[in-house]
There are 2 protein chains.
Amino acid sequence: MPEASRAQIEALEAKLGYSFKNRYLLRLALVHSSAAPTTCNNIMAWVGDAAMYIVMTEEVGAKLGYIPVGQLSEVRKTLIGRAMCERYANHLGLPQYLVLGKSIMVQHNGKVSANMAAEMFEAVMGAIYLDSDLEAVRRCYLAHFPLPDDPLTLLKPDGTGGIPAFSSSPAADNPWE
Amino acid sequence: MPEASRAQIEALEAKLGYSFKNRYLLRLALVHSSAAPTTCNNIMAWVGDAAMYIVMTEEVGAKLGYIPVGQLSEVRKTLIGRAMCERYANHLGLPQYLVLGKSIMVQHNGKVSANMAAEMFEAVMGAIYLDSDLEAVRRCYLAHFPLPDDPLTLLKPDGTGGIPAFSSSPAADNPWE
């Protein structure tokens, strides 16, 4: 896909519920390494992962502080792991904005892989962090993906027991379902 | 060891270079689970680990942004891993303040294990985060443990090549040596 137009970037900001002071950060978050090995989203995804790690540490700790730390870590891992980040990305419709290199377009038949989608979500969170701060990441993440009433249900084998449906916008895919 | 006296807490604050608004947080950071299973330092260590994770993500990323993310992660892992946290704890003389339960005192012959020391350091960083913010953690960590000029040397097999010695206070054990 070519780089997003200004209108597309504005539409994405509206969907995220966050306006960038520096839109270049958001643009970078949409660039896969196949399109630009040195100016792509992978460092931003690395930062976004860390930002979510501390935000979810606090949120999960505040909600479930009475259970052993090992279980807290399991809940956190589920909430910010690759599989969930892919679902978050799809929920926000991020894959349509991914800037891919030609060779990988051919290789993947133009399809955005699960890993690419997950990395995009992490990168967008990283972009918000770098553009603003941890609180902005927290607000944006929780506005779209509030913690389930009982996050322990995330650890059930089917991963869905009792998890409330939610959607702040017309969802392509509800990550909790 | 019994709980630290007020004078000891003040001495520890001076050593850390950080004054707590809420000293109870620092006291909690010194309590091992053997002494108080429900009000011990392990959740605080969990938070401190996450706070260091994002701080070191930024610091390592800013310094070494040109290398592959996998290597950045290796450097970060080394900097905030258990082994290094133990050395940080010893450098700051934390183990002398650990509040241990009686049974474990007997079991360990009164000695603070490497894991306990590492957890104390994480918990103290967590206490600073909860008492203040990420910037306070960053300032305190970097004041004592500035990143080596070339953090890649941390990945050398001997773990020490070219790493500068540093010490902001009479060190019990310099973690970079």
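Per chain, numbering begins at 1; letters A, B, ... match sequence-line order. What you are looking at is a predicted structure, and each value in this text was computed from that prediction instead of being measured.
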| request: Grab the two heavy atoms, one from Ser73(B) and one from Trp46(A), that are nearest each other, plus how far apart they are. | output: OG-NE1, 2.8 Å
| query | In residues 113-137 of chain A, which residues are in contact with chain B at a heavy-atom separation under 4.5 Å? | reply | Tyr129(A), Leu134(A)
| query | Going hydrophobic residue to hydrophobic residue with side-chain gaps under 4.5 angstrom, can you get from Leu79(B) over to Tyr66(B)? | reply | yes
| In terms of heavy-atom contacts, does NZ of Lys63(A) have more than 12 from other residues, nucleotides or ligands at under 6.0 Å? | yes
| task | Test Ile43(A) against every option in Val69(B), Thr57(B), Ile67(B) by the side-chain contact (heavy atoms from CB on, under 4.5 Å) rule and name the one that passes. | result | Val69(B)
| said: Would you say that more than 12 heavy atoms from the other residues, nucleotides or ligands in this model lie under 6.0 Å from the NZ of Lys102(B), or not? | reply: no
| field | Most contacts with chain B, counted as non-hydrogen pairs under 4.5 angstrom, among Arg76(A), Glu58(A), Met56(A) | value | Arg76(A)
| note | Contact list (residues 47-55 of chain A to chain B, heavy-atom gap under 4.5 Å, by number) returns Val47(A), Asp49(A), Ala50(A), Ala51(A), Tyr53(A), Ile54(A)
